[in-house]
Structure formats: structure tokens, C-alpha cells
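Notes to accompany the following structure.
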Amino acid sequence: MTRKEKYQFVINYFEKHAPDAETELLYDNPFQLLVAVILSAQCTDKRVNLTTPVLFAHYPTPYAMANATFDELFPFIRSISYPNNKTKHLIGMANMLIHDFKGEVPMTVDELVKLPGVGRKTANVITSVIDAQPNMAVDTHVFRVSHRLGLTTTTATTPLAVEKQLIKNFPTELIHKAHHWLILHGRYICLARNPKCPQCGLTEICNYYRKVIKK
DNA sequence: ATCCCGAGGG
DNA sequence: CCCTCTGGAT
């Protein structure tokens with residue numbers, strides 16, 4: 001099967017069996033999504049959603065958050081992974097929004113990654129979700145699933161390399177969908193440990209299944 | 001024990 | 001390239 005046929009197989013499968021998200025990050029505006037995605041690193045969405053409503057009630061705008069002290073904000077995200085780093089990131093990020101971006105969340109990847117706590121993955125999520133840009137955020141799920149299915153070459157050892165190959169091979173108009181498919185498939189079926197291959201309709205094209213599970 | 005929609009610094 | 005941060009769920 002050619003690479004193109006493989007991608008088409010994956011597209012056909014997910015168009016028929018689109019995975020449903022059990023939880024989505026809660027947000028009402030770009031600023032809130034930015035905060036939620038920063039908090040979501042190494043943490044479940046459910047846990048993030050437990051903290052953000054209270055956080056947003058106290059810090060509804062970049063201005064409010066920029067003026068918070070470390071000790072004021074820290075307790076609100078205490079139960080999130082890396083609360084020390086993320087407290088600094090949120091306050092620094094809010095300050096940069098005000099000073100460099102007129103209090104608005106910028107909508108290009110290059111601008112977003114300048115913000116403290118915002119890397120390429122987060123920038124791709126923001127521009128994709130808020131502005132419908134055909135960007136592919138490669139997180140741990142997308143990275144793992146892409147490699148197992150063989151959507152990417154074994155030489156793609158970095159998230160950026162995976163991102164470029166996925167962007168190149170998925171039709172532009174499907175990038176946004178594909179991002180969601182791969183993440184949810186990774187979250188619910190193609191688990192890092194003990195993947196639920198019996199529930200997966202992609203085993204016939206899956207390198208991981210062929211090499212690790214079947215034998 | 002191992003993983004969760006990573007980022008920053010050395 | 002490596003390491004560190006670092007709480008909660010399973």
C-alpha cells in the first residue's frame with residue numbers, strides 16, 4: 001500500500017468512525033483557551049476544567065492576570081502539573097499580551113511562541129481552533145499514533161518533523177479534523193500502554209500492530 | 001509504576 | 001541533544 005493509499009484509508013475510517021471527545025477544554029474566548037492549553041501540559045483536560053472556571057472568575061482578562069502576584073495565582077492551579085512553572089508562565093504571558101500585543105491574543109504561530117509558556121504545540125492549537133488555520137499540533141498522542149500507523153517515517157523523530165509530514169499528506173481542508181481524530185484515537189484507543197487494538201479498525205494498516213501485537 | 005493535548009533551559 | 005518541572009489518575 002502506498003503512503004497516499006494509507007492516508008486515504010485512515011481518512012475513510014475516521015470519516016465513518018469519528019471518535020467522540022469525552023471532555024473538551026472549557027473556554028469562552030481566545031485568552032481563556034490560551035490559558036487552558038498552557039495548563040493542559042502533562043495534565044488531563046478534566047483536571048484543567050476543574051480549575052479554570054475559578055481561575056477565570058478571578059482573572060477574566062490579561063490585565064487582571066498580569067497584575068496578579070505569584071502567591072495570589074498559584075493556589076488556583078496548585079493541583080495542576082508543574083504549578084510553579086505555569087504560574088510564572090501565565091503571569092508572564094499576560095504581561096506580554098498587554099505590552100506587545102495590545103491585550104489581544106496574537107493569531108500567528110510565530111507571535112504566539114514568543115509568549116512565556118507557549119510552544120509550537122500550543123501555538124498550533126490556538127491558531128487551528130480559534131482561527132481555523134490548517135496547522136497540526138503534534139502532542140504526545142499525535143506523535144505516537146502517527147508513528148504506529150506509519151503515517152510518518154521513522155526518521156521523523158521530532159514533533160516538528162511529524163507535523164510537516166502530516167501537513168504534507170493530509171488534504172489541507174482535513175487538517176483540522178485529522179488533528180482531532182489522531183488525538184482522540186490516541187487518548188481512547190491507541191493508548192501508550194496496552195493499546196486497545198481489538199477496538200481499533202486500523203490494525204490492518206498499523207505497523208505497531210503488525211510488529212508488536214500480532215507476533 | 002506509568003502516563004496525561006509540553007515548555008524552557010543547559 | 002539532554003534534563004527538569006511536578007500533581008493526579010490508573
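Every chain is numbered from 1 and lettered A, B, ... according to where its sequence line falls, protein lines coming before strand lines. Just so it is clear, the model here is predicted, and its values are computed rather than measured.
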Give a yes or no on whether a salt bridge exists between A:R210 and A:E204, defined as a side-chain N under 4.0 angstrom from a carboxylate O.
no

Pairwise P distance, B:dG10 and C:dT6 [rounded to whole Å]:
15 Å

Can you check the A:L191 CG to B:dC4 P distance for me, whole Å?
8 Å

Value in whole Å for how far the C1' atom of B:dG6 lies from NZ of A:K88
16 Å

At a heavy-atom distance below 4.0 Å, what parts of residues 146-179 of chain A sit against DNA chain B?
none

Extract from the structure each pairing of a protein N or O with an N or O of nucleotides 8-10 of chain B at less than 3.5 Å, listing the distance.
unit_1 : atom_1 : unit_2 : atom_2 : d
B:dG8  : OP1    : A:G117 : N      : 2.6

For nucleotides C:dC3 and B:dC5, find the distance between their C1' atoms and express it as a whole number of Å.
22 Å

Inspect the contact between A:R187 and A:D139 and indicate whether a charged nitrogen and a carboxylate oxygen are less than 4.0 angstrom apart.
no

Pairing of DNA chain C as dot-bracket, 5' to 3': ( ) intra-strand, [ ] crossing, | other strand, . unpaired, with Watson-Crick or G-U pairs under 3.5 Å?
.||||.||||

Report yes or no: does A:K177 contribute a side-chain atom to a donor-acceptor pair with the main-chain N or O of A:E15 at less than 3.5 Å?
no

So, do A:F76 and A:Y59 have ring centers that fall under 6.0 Å from each other?
yes

A:R144 CZ - B:dG6 C1' separation (whole Å)
14 Å

Would you indicate what A:N84 reaches in the nucleic acid, counting non-hydrogen atoms under 4.0 angstrom: base, sugar-phosphate, or nothing?
sugar-phosphate

Donor-acceptor contact below 3.5 Å, side chain A:R144 vs main chain A:C190:
yes

Select base, sugar-phosphate, or nothing to describe what A:R187 touches, counting heavy atoms under 4.0 Å on all strands.
base

Would you confirm whether A:S40, through its side chain, and A:C43, through its main-chain N or O, come within 3.5 Å as a donor-acceptor pair?
no

In whole angstroms, the gap separating C1' of B:dA7 from CD1 of A:I91 amounts to 17 Å

Write down the atom of A:P62, the atom of A:A94, and the distance for their closest heavy-atom approach.
O-CB, 3.4 Å

Donor-acceptor pair, side chain of A:E5 and main chain of A:M1, under 3.5 angstrom:
no

Kindly say if A:R78 contacts the phosphate of C:dG7, meaning a side-chain N or O under 4.0 Å from OP1 or OP2.
yes

Do A:E163 and A:K121 sit within salt-bridge range, that is, some charged N less than 4.0 Å from a carboxylate O?
no

Main-chain N/O of A:L149 paired to A:K6 side chain as donor or acceptor, under 3.5 Å:
yes

Residues in ring-ring contact (aromatic ring centres under 6.0 Å, His included) with A:F14, at least two apart?
A:W181, A:H185

Length of the NZ-P vector between A:K86 and B:dC5, whole Å:
11 Å

Among C:dG7, C:dC5, B:dC3, the one nearest A:A192 by side-chain distance:
B:dC3

Rounded to whole Å, please give me the gap between CG in A:L34 and P in B:dA7.
11 Å

Test side-chain contact (heavy atoms from CB on, under 4.5 Å), reference A:L39, set A:D45, A:L90, A:N49, output is A:L90

Backbone N or O of A:G150 within a donor-acceptor pair of the A:R3 side chain at under 3.5 Å?
yes

Do A:Y82 and the base of B:dG6 stack face to face, with centres under 5.5 Å apart and an angle between planes under 30°?
yes

In terms of the angle between their ring planes, are A:H176 and A:H179 parallel, tilted or perpendicular, with boundaries placed at 30° and 60°?
tilted

By a strict heavy-atom criterion of less than 4.0 Å, which residues belonging to residues 121-140 of chain A are in contact with DNA chain B?
A:K121, A:T122, A:V125, A:D139, A:T140

Starting from C1' on B:dC4, measure out to CZ on A:F143 and report it in whole angstrom.
17 Å

At a heavy-atom distance below 4.0 Å, what parts of residues 40-64 of chain A sit against DNA chain B?
A:S40, A:A41, A:Q42, A:C43, A:T44, A:D45

Expressed as a whole number of angstroms, how long is the span from A:N85:CG to B:dC4:P?
19 Å

Looking across every strand, which nucleic acid part, if any, lies under 4.0 Å from A:I183 by heavy atom: base, sugar-phosphate, or nothing?
base

Quick one: does any side-chain atom of A:T69 pair with a main-chain N or O of A:E72 as donor and acceptor, under 3.5 Å?
yes

Closest approach of A:I167 and A:P134, non-hydrogen atoms and distance?
CD1-O, 3.3 Å

Which residue lies more 5' along DNA chain C, comparing A:R193 with A:I80 via nearest heavy atoms
A:I80

Give me the atom names and distance for the closest heavy-atom approach of A:V113 to A:A123.
CG1-CB, 3.8 Å

